[in-house]
There are 2 protein chains.
Amino acid sequence: MERLEKYYNQIKNSPVFYGMNDEELKGLLECFNARVRKYEKEEMIIRQGDMISNIYLILDGAVNIEKDSYWGRRIIISRLGKNDNLALSFVGSKDIESSVDAITVEDTLVLILGYEKCTSMCQNACSRHKVLINNLFQILSKENIELIQKIENVSQKTIRDKLMTYLSNEAQKNHSNKFSISFNRQDLADYLNVDRSAMSFELSKLQKEGLIAYNKNQFQLL
Amino acid sequence: MERLEKYYNQIKNSPVFYGMNDEELKGLLECFNARVRKYEKEEMIIRQGDMISNIYLILDGAVNIEKDSYWGRRIIISRLGKNDNLALSFVGSKDIESSVDAITVEDTLVLILGYEKCTSMCQNACSRHKVLINNLFQILSKENIELIQKIENVSQKTIRDKLMTYLSNEAQKNHSNKFSISFNRQDLADYLNVDRSAMSFELSKLQKEGLIAYNKNQFQLL
DNA sequence: ACATTTCCGTTGTTTTTACAACGAAGAGAA
DNA sequence: TTCTCTTCGTTGTAAAAACAACGGAAATGT
């Protein structure tokens with residue numbers, strides 16, 4: 001519990017607990033048997049086939065949501081970071097096992113809440129649970145919209161179009177034409193479902209044509 | 001209200017109202033100013049850029065969730081049918097406009113609930129609202145998982161792999177190796193983001209090789 | 001029944017991508 | 001520093017997809 005205290009302010013300000021006062025939050029953390037766990041780089045938090053009964057909140061670090069297609073190919077579905085939730089949809093869907101892996105990209109700190117335990121106890125009783133489910137609904141909505149955006153990204157025909165769509169969306173998220181991305185080249189390729197070298201080639205072509213400028217992970221739309 | 005009565009039983013059994021008794025449901029329908037509306041074939045229910053403040057429940061018919069990429073290309077994100085919800089994620093996310101179109105594939109009947117109106121009135125009061133938000137959370141979870149599955153479908157490298165992944169997933173959904181799909185060829189191509197003719201060619205190749213059998217929209221995995 | 005339109009499969013050509021291989025730059029460790 | 005390992009860009013080649021065009025079958029309307 002002491003290590004949890006250290007992150008109390010951050011936890012309090014996360015979307016999961018939006019609108020709760022200190023008392024409610026503390027009660028909830030206790031009710032949910034909240035704990036903080038550290039994962040090493042490239043450690044698996046969730047595996048395909050796992051039954052998910054916890055709510056995971058990333059306190060610090062980065063996590064890939066991935067799926068291995070049945071011939072060794074890796075699909076990166078999304079990259080999550082601070083204050084993001086993991087696999088929330090599998091908590092909401094009873095009796096459905098995870099269809100994805102969650103793998104840390106670097107050392108990562110995660111807050112874990114035992115969702116099942118609490119909902120079975122305070123089913124209709126506690127008011128904090130009502131605020132929570134409202135928040136979860138909103139978070140899941142946002143995730144949903146981001147998945148749709150990813151579908152838009154990968155649904156473009158050419159590598160060039162995928163890149164431009166992705167970069168435009170990132171620029172919009174950052175409210176600026178200058179921004180940095182968290183993917184390295186290989187991960188970006190796996191996210192956009194293209195070959196890394198072909199993507200690299202297309203990136204430099206875009207730069208030569210004056211459509212974009214980049215240096216390592218710093219990008220700019222022109 | 002009379003036309004609504006006609007569909008009362010179906011409405012009552014939809015996932016949106018799961019676990020409600022007659023009294024609660026009737027109160028909710030009134031509170032939400034529920035109404036039934038009929039849309040013609042190829043009519044737009046939701047447009048890109050719309051602010052969504054209603055919950056839409058398909059009573060009968062079929063609807064495409066689509067997006068036009070900025071050069072005339074159509075992306076079909078999903079095909080929805082009876083008892084499915086429309087654009088739920090945009091209701092959950094305040095102040096975010098729809099990034100997709102919802103277009104009927106055939107004549108379609110939709111139940112519309114004025115979500116905004118009710119939530120502002122009975123904010124924390126009514127118990128039915130609590131059941132509702134719980135249900136919506138679960139529905140959204142399922143949608144989320146289906147979007148992930150779609151990402152898996154379209155993230156395959158070759159047309160052949162996309163087809164096999166899609167057909168396998170459909171077979172699993174139908175609990176049978178024999179099943180029919182709701183897409184015609186062009187729509188399936190737009191869903192998998194491939195060229196229709198190339199897809200047709202690949203389908204017949206798969207049939208010649210004895211991996212699948214099909215006739216029109218009836219498919220079988222062998 | 002006939003005309004018209006839509007849907008689907010087939011083929012040949014062009015464009016795009018994947019794949020493999022390699023070298024250079026940079027990071028990190030000894 | 002020097003060596004190793006990872007990351008990234010570049011190139012050539014083989015494979016796959018997009019595209020366009022066509023004909024036949026089925027569905028639709030008159």
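The structure displayed is predicted, hence computed values, not measured ones. Order of the sequence lines sets the chain letters (A, B, ...), proteins ahead of strands, with each chain counted from 1.
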Specify the separation, in whole Å, of atom CG of A/L192 and atom P of C/dT16. 18 Å

Under 4.0 Å from OP1 or OP2 of C/dC8: is there any side-chain N or O of B/Y214 that close? no

Value in whole Å for how far the C1' atom of C/dC8 lies from CG of B/N217: 11 Å

Taking all heavy atoms of B/Y191 and all of B/I77, pick out the closest pair and write down the distance. CE1-O, 3.4 Å

Separation of atom CZ in B/R73 from atom P in D/dC19, rounded to whole Å: 8 Å

Locate the shortest heavy-atom distance separating B/F17 from B/I11; write the atom from each residue and the value. CD1-O, 3.3 Å

Has the side chain of B/Q10 got a donor or acceptor atom that lies under 3.5 Å from a matching backbone atom of B/L59? yes

Expressed as a whole number of angstroms, how long is the span from A/L163:CG to D/dC8:P? 14 Å

Nearest non-hydrogen partners of B/E143 and B/N85, listed with the distance: OE2-O, 3.9 Å

So if I take every side-chain heavy atom of A/R185 and compare against D/dA17, D/dC8, C/dA18, which nucleotide ends up nearest? D/dC8

Sugar-phosphate only, base, or nothing, as touched by B/N193 at under 4.0 Å among non-hydrogen atoms: sugar-phosphate

Side-chain donor or acceptor of A/D101 paired with backbone N/O of A/Q48 under 3.5 Å: yes

Using whole Å, report how far CD1 of B/I159 lies from P of D/dA15. 17 Å

Please state how far atom CD in B/Q156 lies from atom P in D/dA15, giving the value in whole angstrom units. 21 Å

How about B/Q186 and B/N184: does a side-chain donor come under 3.5 Å of a side-chain acceptor? no

Terminal helix-axis angle for the helix from C/dA1-D/dT30 to C/dA30-D/dT1, with five pairs defining each axis and rounding to 10 degrees: 50°

Test your reading of the model: is there a side-chain donor-acceptor pair from A/N217 to the backbone of A/S180, 3.5 Å cut-off? no

Within residues 194-208 of chain B, the residues having a heavy atom closer than 4.0 Å to DNA chain C are B/R196, B/S197, B/S200, B/F201, B/S204

Do any N or O atoms from the side chain of A/R74 and from the backbone of A/K67 form a donor-acceptor pair under 3.5 angstrom? no

Measure CD/A/Q186 against C1'/D/dC8 and give the value in whole Å, please. 11 Å

Return yes if some donor-acceptor pair links the side-chain N/O of A/N13 with the main-chain N/O of A/N9 below 3.5 Å, else return no. yes

Nearest heavy atom decides the nucleotide; on that basis, is B/F183 or A/T158 closer to the 5' end of DNA chain C? B/F183

Send over the distance from A/D161 CG to D/dA17 C1', rounded to a whole Å. 15 Å

Per nearest nucleotide of DNA chain C, the residue lying toward the 5' end, A/K162 or B/N184, is B/N184

